[in-house]
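Scroll down for the structure; my scribbles are underneath it.
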Number of protein chains: 2
Amino acid sequence: MKRDSRLSGVLHILLHMARQPGPQTSETLARAMETNPVVVRRLMAGLREQGLVRSEKGHGGGWVIARDLDRITLRDIYEALGEPEILAMGNRTEAPGCLVEQAVNAALGSAFDEAEALLLRRFGEVTLAQLSADVVDRMPSAADTTTLENAHEA
Amino acid sequence: MKRDSRLSGVLHILLHMARQPGPQTSETLARAMETNPVVVRRLMAGLREQGLVRSEKGHGGGWVIARDLDRITLRDIYEALGEPEILAMGNRTEAPGCLVEQAVNAALGSAFDEAEALLLRRFGEVTLAQLSADVVDRMPSAADTTTLENAHEA
DNA sequence: TTTCATGTAACTTCAAATGATACGTGAGTG
DNA sequence: CACTCACGTATCATTTGAAGTTACATGAAA
């Protein structure tokens, strides 16, 4: 399967939005991500429904973040995306009659559950504010005025 | 993508083999798994290369486990399968120039790594012997003579 | 030599993310 | 009011890898 990069992608979008004052269009955000505006809208749709972002049509429209950055965790975003599959592996059958398969499912299942739970816990501990601060830490000090355009020239 | 169930499948195969004395053919094992003999051979190919199982051609041939059950961990089997992808999610880009994406990758990447490490650690702690014992625990006591055939009728 | 069973290549099927095109809707602008 | 901008969304193509299937070669035992 192709690796799911929606969480990675939407975080990229949100952090770019966080660094710019006004509304950002899907068009602009798509260029920063080297992708298509429709992909941006699709990613953002779930976030809008959860009230994490707002969108406006027409002139001067675009996307804005609708909540304080320190009150949005990666977990909130993950859930807004529709809680995509975390693991690429799984049990062959869900409710097998075969005792052998039941034993396999029990052993693998608990390991899978633990790994998922760990990841979700980590997601819950990281806020957009923290990530945004990390971006600043990574910047050569003089470049604090980096715009969406030249952010991708480096 | 479709969920990868190779580990689950190969464990099912191995535990069925563990409960029968002689060599088992791909044909027989495939019937127990409700799949195709070629799929069985494909799953077992890696295990054979790692010396976990042996195969013989011709009359009376088939597959046998080549090592004590308590010396085979799920991790051994996972590695013999070629270490398939564990996570369905990943970073959009591996070595991005964009500082924003670098920050995203760092945050997500460490969480991903932790989850993977946890799962692999769990795999390393479980042996085939333990799983096989668990199968017995799940059996109604009188059914200890369950064969491959009626194991799937219950 | 016939049969059985593995070893593999090649093809089809399937699922889901991603990319792209097209068109509808609503909000500003002139 | 007409026009443009930007989102909303349906639809289709592309991509990737697992899983299933068919076909045939190889080697071992009867």
Side-chain angles (χ1 to χ4, degrees), chain A residues 1-10 12-13 17 20 22-49 53-66 78 81-93, chain B residues 1-10 12-13 17 20 22-49 53-66 78 81-93:
Chain A
M1 114 200 56
K2 205 177 289 181
R3 208 96 170 260
D4 179 354
S5 62
R6 280 178 291 175
L7 182 57
S8 172
V10 82
H12 193 168
I13 293 173
M17 287 171 62
Q20 298 289 119
Q24 309 276 307
T25 68
S26 308
E27 168 71 28
T28 303
L29 294 167
R31 238 179 303 127
M33 304 250 315
E34 296 176 310
T35 182
N36 193 291
V38 176
V39 173
V40 172
R41 295 192 191 112
R42 204 148 55 190
L43 288 175
M44 302 291 278
L47 274 62
R48 183 185 52 231
E49 284 164 21
V53 300
R54 270 193 308 271
S55 60
E56 298 290 345
K57 293 180 178 178
H59 281 88
W63 300 88
V64 288
I65 298 179
Y78 167 77
L81 287 175
E83 308 189 359
E85 287 291 345
I86 289 176
L87 296 175
M89 318 177 49
N91 287 323
R92 252 168 34 93
T93 314
Chain B
M1 125 197 1
K2 205 175 289 178
R3 206 98 169 258
D4 179 353
S5 62
R6 279 179 292 175
L7 182 58
S8 172
V10 83
H12 193 168
I13 293 173
M17 288 170 62
Q20 298 289 118
Q24 310 275 305
T25 67
S26 307
E27 169 70 28
T28 303
L29 295 167
R31 238 180 300 128
M33 305 250 315
E34 295 176 310
T35 182
N36 193 291
V38 176
V39 174
V40 172
R41 294 190 192 113
R42 204 148 55 191
L43 288 175
M44 302 292 276
L47 304 208
R48 184 184 53 230
E49 285 164 21
V53 299
R54 270 193 307 271
S55 61
E56 297 291 343
K57 293 180 178 178
H59 282 86
W63 299 88
V64 288
I65 299 179
Y78 167 78
L81 287 175
E83 308 188 359
E85 287 291 346
I86 289 176
L87 295 176
M89 319 176 49
N91 286 323
R92 252 167 34 92
T93 313

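Order of the sequence lines sets the chain letters (A, B, ...), proteins ahead of strands, with each chain counted from 1.
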Next item on the list: State which of D:dT9, D:dG8, C:dC4 makes the closest approach to the side chain of A:V38.
Entry: D:dT9
Item checked: Exam field: side chain A:R54 to backbone A:A66, donor-acceptor pair closer than 3.5 Å -> no
Notebook entry, point to check: Choosing from C:dT3, C:dT6, C:dT21, which nucleotide comes nearest the side chain of B:H59?
Noted result: C:dT3
Next item on the list: Please state how far atom CZ in B:R42 lies from atom C1' in D:dG20, giving the value in whole angstrom units.
Entry: 7 Å
Next item on the list: Identify, between B:S26 and A:E56, the residue whose nearest nucleotide on DNA chain C lies closer to the 5' end.
Entry: B:S26
Checklist line | Side-chain N or O of A:S5 closer than 4.0 Å to phosphate OP1/OP2 of C:dT18 | finding: yes
Next item on the list: Output yes when a side-chain donor or acceptor of B:Y78 lies under 3.5 Å from a complementary backbone atom of B:P84, and no otherwise.
Entry: yes
Notebook entry, point to check: Just by distance, with hydrogens left out, do B:T28 and B:T25 show a side-chain donor and acceptor under 3.5 Å apart?
Noted result: yes
Note to self: Among C:dA20, D:dC7, D:dA18, which nucleotide has an atom closest to any side-chain atom of A:T25?
What the structure shows: D:dC7
Note to self: If I take atom CD in residue A:E34 and atom P in nucleotide C:dA20, what distance separates them, rounded to the nearest angstrom?
What the structure shows: 12 Å
Next item on the list: May I have the distance from B:K57 (atom NZ) to D:dG27 (atom C1'), rounded to whole angstrom?
Entry: 5 Å
Notebook entry, point to check: What nucleotide, of C:dT18, D:dA19, D:dA6, holds the atom closest to the side chain of A:R41?
Noted result: D:dA6
Notebook entry, point to check: What is the distance, rounded to the nearest whole Å, between atom CE of A:M33 and atom C1' of C:dA17?
Noted result: 13 Å
Next item on the list: Report yes or no: does B:R92 contribute a side-chain atom to a donor-acceptor pair with the main-chain N or O of A:M33 at less than 3.5 Å?
Entry: yes
Checklist line | Separation of atom CD1 in B:I13 from atom P in D:dA19, rounded to whole Å | finding: 11 Å
